[in-house]
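Everything below concerns the one structure shown next.
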Amino acid sequence: MENFTQIKYVRYTIEQAKTAYLEVYNLLENAKTVNDCINAREKHIQIIKNFNTPNQIAEVRYSLNTRDEFYANEVDYYNQTSPMFSELMLKYTELMLNTPFRKQLEKQLNPQVYKMYVCQSKAYSPIILKEKQEENTLTTKYSTLLSQILVDYNGEKIPFSIIRGKLEDSDRQVRKDVCCAIGVALQSHQAELDGIFDQLVKVRDAMAKKMGYANFVELGYYRMQRIDYDQQMISTFRQNVYQSIVPVVTKLKEEIAGKIGIAQTMFYDDGVYLSNGNPKPILNKDQIFVQASKMYNDISQKTGEFFDEMVKSEAFDVVARDGKMGGGYCTDIADYAQPFIFANFNGSSADIEVMTHEFGHAYAYGAMFEKGDYEINIGGYETAECHSMSMEFFCGKYMQKFFGEDTKKYLYKHICAALSFIPYGVMVDEFQHIVYQQPTLTPDQRCEKWKELEHKYKPYMSCENIPYLERGARWQYQAHIYENPFYYIDYCLAQTVAFGFLVAMQSNYKKAFDKYIELVYAGGNKGFDKLIKDSGVAYPFANGTLDNVANEVLKILSKLS
């Protein structure tokens, strides 16, 4: 791997892409054999890598410092040109779909390739170029806004990404004060937060209708490359969560409320699972990386070598600071065949979770670069999240290194939080379906819909008397809702699969991990349906899966409480 800080950035222009694609088009239009098509595909993949590499470098460096004018301009350039690049790829896709050699290609290439092409052909059209450019600009505007919000707390101006760590403080009054301060900070930007999302809904709805769809939901599914499941299956999954997971989580939360001595679980209590507060890592940032290296080297030689190589290449940035975007992510720098991990450590247990989570993504990228196919990549978003959420659980037996005597408490908290997340995740998904099926809702009406869903999926919790958040506005700092519509259900599907691995590792850790590695290396080469069924763990859409998951998780928790 190259040292990320030393990778030279050179803009890849849309003009370069157009010139490169002319050769691809010519090969396909004048193909004499199936090999001509395969040669064209190889050139197409290299163009994607050439475009994605500087695009991702610019995105990463801008997210590290949103006040960097150079990379702000570069991100804006790709915001404007990436829809044009999609148009160039669409012509390639259409030529591959219509080539007389299609039947031969379908036999020689992985079956996922042509399924992906069909989705791509339905996900974009040149007629929505301006709308897509506007959408890109708006999402960048939102992420920039969120990165620069400072929360006034105890006379200090604290970045949003840092102060959120205090929502797990053991002192309830601290949690309440922090939550109220966050609400006041968000309220001061209400017009911007409402306005950006309102514009996003309208521009996405306009795109869908231009392309002949009733609303953005159908287009959104094609953009997410949903191949193995549809809206009805997702709707059924949400209903199963409501019936099988919500009552279990509600009872669990009521028990926790009793243990921590509160009559009503407020929003600022929702992230707390233990009477003396959630455990915090006993290590600083540098010590966390030292122990993580030992952990990954013990898990397997390959995971250890990969982690150490990433550290050596400075392929991590985990320090929270003013101007840095919030959240965490992992991306790949294609031309260098390496991942990059972005996070915001804030001293809470989330520091360990984001590191283990994002390394699951990173290792999957490494597997793809080693043995995979860059075009079909590591699979769909739901598959990618299986890599990361399962990795969190596989790291569970090493938590002594990070939490010391509070290890069992941490594991209890982590598993409780993971189970509690599923209702929240489907709530986000249902909210997005409502929003895009009813694009004329006002900002206030959207918040009312969120409040209704909170009552449905989190009936134990109240936001009463919390500034701004009592409006039903918590969703406004769930970045996926603005930036990646319909992404969030992928976490819920993947969490179900991850619980399957958690259950499997209780009886045989090595066997479970070997199955996990098989899943990672299969990546995009298998559809989600076959991938999960082959792994032998919890298949989210099967009857009874969520009931079984809830029961097995409760058994594991009983051993930790």
Exercise. State whether the number of non-hydrogen atoms from other residues, nucleotides or ligands found under 6.0 Å of Asn30 atom CG is greater than 12.
Key: yes
Quiz item: Do Phe393 and Phe499 have ring centres separated by under 6.0 Å?
Solution: yes
Exercise. Taking atom types as modelled, find out whether Asp298 and Tyr398 have a side-chain donor-acceptor pair closer than 3.5 angstrom.
Key: yes
Quiz item: Ring centres of Tyr509 and Phe394 under 6.0 Å apart?
Solution: yes
Quiz item: Just checking, any donor-acceptor pair under 3.5 angstrom between side chains of Thr66 and Ser147?
Solution: yes
Exercise. Anything under 30° is parallel, anything over 60° is perpendicular, the rest tilted; go ahead and classify Tyr424 against Tyr488.
Key: perpendicular
Quiz item: Quick one: is the NZ or CZ of Lys515 closer than 6.0 Å to the six-membered ring centre of Phe501, and within 45° of its axis?
Solution: no
Quiz prompt | Electrostatic pair Asp68:Arg61 at N-O distance under 4.0 angstrom | solution = no
Quiz item: Side-chain donor-acceptor pair under 3.5 Å between Tyr491 and His480, yes or no?
Solution: yes
Practice problem: Check whether the side chains of Asn3 and Glu314 place a donor and an acceptor atom closer than 3.5 Å, and report yes or no. | Solution: yes
Self-check item: No-hydrogen, no-angle side-chain donor-acceptor test under 3.5 Å, Gln56 and Thr331
Solution: yes
Using distance only, find each side-chain donor-acceptor pair of residues 363-372 under 3.5 Å and give its atom names and separation, not counting sequence neighbours.
from, atom 1, to, atom 2, distance (Å)
Glu370, OE1, Lys302, NZ, 3.2
Glu370, OE1, Tyr521, OH, 2.8
Glu370, OE2, Lys302, NZ, 3.2

Practice problem: Check the surroundings of atom CD in Gln301: do more than 12 heavy atoms from other residues, nucleotides or ligands lie under 6.0 Å from it? | Solution: no
Quiz prompt | Side-chain donor-acceptor pair present, Tyr77, Arg11, cut-off under 3.5 Å | solution = no
Quiz item: Will you find, in the side chains of Tyr117 and Glu375, an N or O donor that is under 3.5 Å from an N or O acceptor?
Solution: yes
Quiz item: Does the ring of Tyr539 carry Lys533 above it, NZ/CZ under 6.0 angstrom from centre and within 45° of its axis?
Solution: yes
Quiz item: Do you know which two heavy atoms are closest between Asn297 and Glu305, and how far apart they sit?
Solution: OD1-N, 4.1 Å
Self-check item: Aromatic contact, Phe486 with His433 (centres under 6.0 Å)
Solution: yes
Quiz item: How would you list all residue pairs meeting side chain to side chain donor-acceptor pair (under 3.5 Å) that involve residues 31-40, not counting sequence neighbours?
Solution: none
Quiz item: Would a line drawn from the ring center of Tyr477 to the ring center of Tyr482 be shorter than 6.0 Å?
Solution: no
Quiz item: Is the closest side-chain donor-acceptor distance between Thr236 and Gln239 under 3.5 Å?
Solution: no
Quiz prompt | Pair Tyr142, Glu192: side-chain N/O donor-acceptor within cut-off below 3.5 Å | solution = no
Quiz item: Taking the six-membered ring for Trp, are Tyr62 and Phe70 ring centroids under 6.0 Å apart?
Solution: no
Quiz item: With a 3.5 Å cut-off and no angle check, do the side chains of Tyr221 and Arg226 form a donor-acceptor pair?
Solution: no
Quiz item: For residues Thr137 and Asn79, is any side-chain donor paired with an opposing acceptor at under 3.5 Å?
Solution: no
Quiz item: Do Tyr329 and Ser63 have side-chain atoms, one donor and one acceptor, less than 3.5 Å apart?
Solution: yes
Exercise. Search all heavy atoms of Met391 against all heavy atoms of Thr356 and return the closest pair with its distance.
Key: CG-O, 3.3 Å
Self-check item: Test side chain to side chain contact (heavy atoms under 4.5 Å, CB included) applied to Lys324 and Arg321, step by step
Solution: CA-CA 6 Å; Lys324 182 180 178 181; Arg321 53 187 176 270; 3.9 Å; yes
Exercise. Would you please indicate yes or no on a ring centroid separation below 6.0 angstrom for Tyr296 and Phe307?
Key: yes
Quiz prompt | Polar side chain donor-acceptor pair, His414 to Glu392, under 3.5 angstrom | solution = yes
Exercise. With sequence neighbours excluded, tell me which residues meet side chain to side chain donor-acceptor pair (under 3.5 Å) with Glu385.
Key: His357, His361, Ser388, Tyr487
Self-check item: Side-chain donor-acceptor pair present, Ser293, Asp308, cut-off under 3.5 Å
Solution: yes
Quiz item: Under 3.5 Å, is there a donor-acceptor pair between the Tyr78 and Tyr12 side chains?
Solution: no
Quiz prompt | For the student: nearest non-hydrogen atoms of Ala498 and Ser390, plus distance | solution = CA-OG, 3.5 Å
Quiz prompt | Pair Glu69-Asn73, side-chain donor/acceptor within less than 3.5 Å | solution = no
